[in-house]
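The block underneath contains the structure these notes are about, expressed in structure tokens.
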Amino acid sequence: MAEQPAAPFQQRLLAWWDLSGRKDLPWQHTRTPYRVWVSEIMLQQTQVATVISYFERWMKSFPDISSLAKASLDDVLAHWAGLGYYARARNLHKAAASCMERHEKKLPLSAEELTELPGIGLSTANAIVSQSTDQPRAVLDGNVRRVLARHAGVEGWTGQSAVQKRLWAEAEKRLPDSRGADYTQAIMDLGAMLCTRSNPGCGHCPVNADCQAWLTDRVRELPSPKPATRVSDKKVNMLILTNGRGKVLLERRPPTGVWGGLWCLPEGDSIETIEASLGISATDVTALPPIEHRLSHLRMTIHPMLATACDAMQVRCSGQRDWYDKRQQQTLGLPKPVAELMKRLNSGEFK
DNA sequence: AACACGGGGTT
DNA sequence: AACCCAGTGTT
């Protein structure tokens with residue numbers, strides 16, 4: 001049998017965090033509810049290193065809920081462009097408006113009220129509450145799921161509902177009586193720094209004395225991998241249509257679905273289809289080399305076509321379709337591959 | 001319960 | 001190429 005650990009899980013974890021935890025992340029400096037909220041949303045399914053520059057830029061433009069609520073959706077999406085999962089940005093914008101109207105211009109600080117705001121589930125709500133008020137609350141993100149699956153020896157894919165339920169219970173069990181903010185950070189740091197997916201530092205782990213995976217040599221097997229999901233293929237034609245005066249035609253995508261609300265190049269089954277949908281004809285049509293773009297659930301093959309509009313004036317423009325200056329498109333939310341095409345167009349690569 | 005939803009990093 | 005990342009919302 002293993003020896004009894006010297007102290008409870010929470011105490012060992014916090015002692016380790018005091019010495020080795022992360023304490024200088026941008027959202028830890030001035031830990032306001034708003035900054036914690038934005039950071040938590042940006043960090044959903046997104047690594048810390050990727051988020052930092054986006055967070056800094058966001059806070060310069062939208063320093064508080066009021067400025068976010070007042071901003072246009074286009075401005076908000078432009079700040080999110082490249083980060084992915086754009087519903088997060090649309091939901092932040094919508095939730096900010098809701099806070100202005102119904103929560104006295106502030107973020108509510110109960111899990112019940114927070115989870116009613118779009119984009120905030122239970123884990124994010126509890127992360128916001130614990131880090132804003134220092135009350136202990138359980139969180140269950142990717143790091144914590146891995147830590148708990150190993151420490152408690154929980155079998156099965158962590159996305160399965162029975163496994164989720166068990167992990168929530170294990171998370172609750174380990175909560176400290178105080179230091180809620182530090183504890184939330186600590187258990188996430190343990191997952192990010194020591195209890196990593198591969199090559200974890202079990203020898204240095206503060207809670208290895210009673211870690212079921214470590215004691216039974218199952219660290220490599222836990223947590224169980226996610227069942228493979230099939231990735232579908234999708235072929236897309238995109239038209240880079242210039243008006244002869246340095247502008248490119250863009251269309252706003254519908255509010256739901258892939259790249260919802262972002263601005264994209266006109267798409268269609270063929271050049272003729274796209275011409276017809278725009279009500280114009282194009283000259284100098286040149287097929288460019290295809291671009292592979294991977295999303296979580298599909299592999300897109302983009303076939304870009306470069307062309308000039310014969311009758312640019314006849315394109316019916318609106319809030320959903322307009323000519324944009326190639327050099328000013330950083331003020332617009334463009335999907336990654338579209339931004340890449342615009343960059344190449346500006347560099348003269350397509351001349 | 002299964003799937004949609006991005007883009008990037010690691011192994 | 002597979003797998004994962006400070007998950008949530010929809011069906």
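In what follows, chains are A, B, ... by sequence order, proteins preceding strands, each numbered from 1.
For R145(A) (side chain) and L140(A) (main-chain N/O), a donor-acceptor pair under 3.5 Å exists by modelled atom type. S130(A) places a side-chain N or O within 3.5 Å of a backbone atom of N126(A) that can act as its donor or acceptor partner.
Rounded to whole Å, the P atom of dG9(C) lies 24 Å from the corresponding atom of dG8(B). dG6(B) and dC3(C) have their C1' atoms separated by 16 Å, with the value rounded to a whole Å. Separation of the C1' atoms belonging to dC4(C) and dC5(B) is 16 Å when rounded to the nearest angstrom.
Mapped onto DNA chain C by nearest heavy atom, L117(A) and P223(A) fall at different nucleotides, with P223(A) at the one closer to the 5' end. Mapped onto DNA chain C by nearest heavy atom, P118(A) and L43(A) fall at different nucleotides, with L43(A) at the one closer to the 5' end.
Seen from the ring of Y86(A), R90(A) does not count as a face-on cation partner, given the 6.0 Å and 45° thresholds.
Under 4.0 Å is where a charged nitrogen must lie from a carboxylate oxygen, and between E340(A) and R344(A) at least one such pair does. Between D322(A) and K247(A) there is no salt bridge, since none of the side-chain N atoms of the basic residue sits less than 4.0 Å from a carboxylate O of the acidic one. The existence of a salt bridge linking E56(A) and K60(A) is excluded, since no basic side-chain nitrogen approaches an acidic carboxylate oxygen closer than 4.0 Å.
Nucleic acid contact class of Q185(A) (heavy atoms, under 4.0 Å, all strands): base. At the heavy-atom level, R299(A) lies nowhere under 4.0 Å from the strands shown. At a threshold of 4.0 angstrom between heavy atoms, the contacts of W27(A) include nucleobase atoms, whether or not backbone atoms are also involved.
By the 30° and 60° cut-offs, the orientation of the rings of W259(A) relative to H293(A) is tilted.
For Q164(A) and dA1(B), the CD to P distance is 10 Å, given to the nearest whole Å.
Judged purely by distance below 3.5 Å, without hydrogens or angles, the side chains of T158(A) and Q164(A) never pair a donor atom with an acceptor atom.
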*Once each nucleotide of nucleotides 4-11 of chain B is scored for protein heavy atoms under 4.0 Å, what B/S/- sequence comes out, 5' to 3'?*
SBBBBS-S
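Mapping heavy-atom proximity under 4.0 Å, the span of DNA chain C touched by chain A runs 5' to 3' from dC3(C) to dG9(C).
If you run side-chain contact (heavy atoms from CB on, under 4.5 Å) between L241(A) and each of L306(A), I280(A), I274(A), L265(A), only I280(A) comes through.
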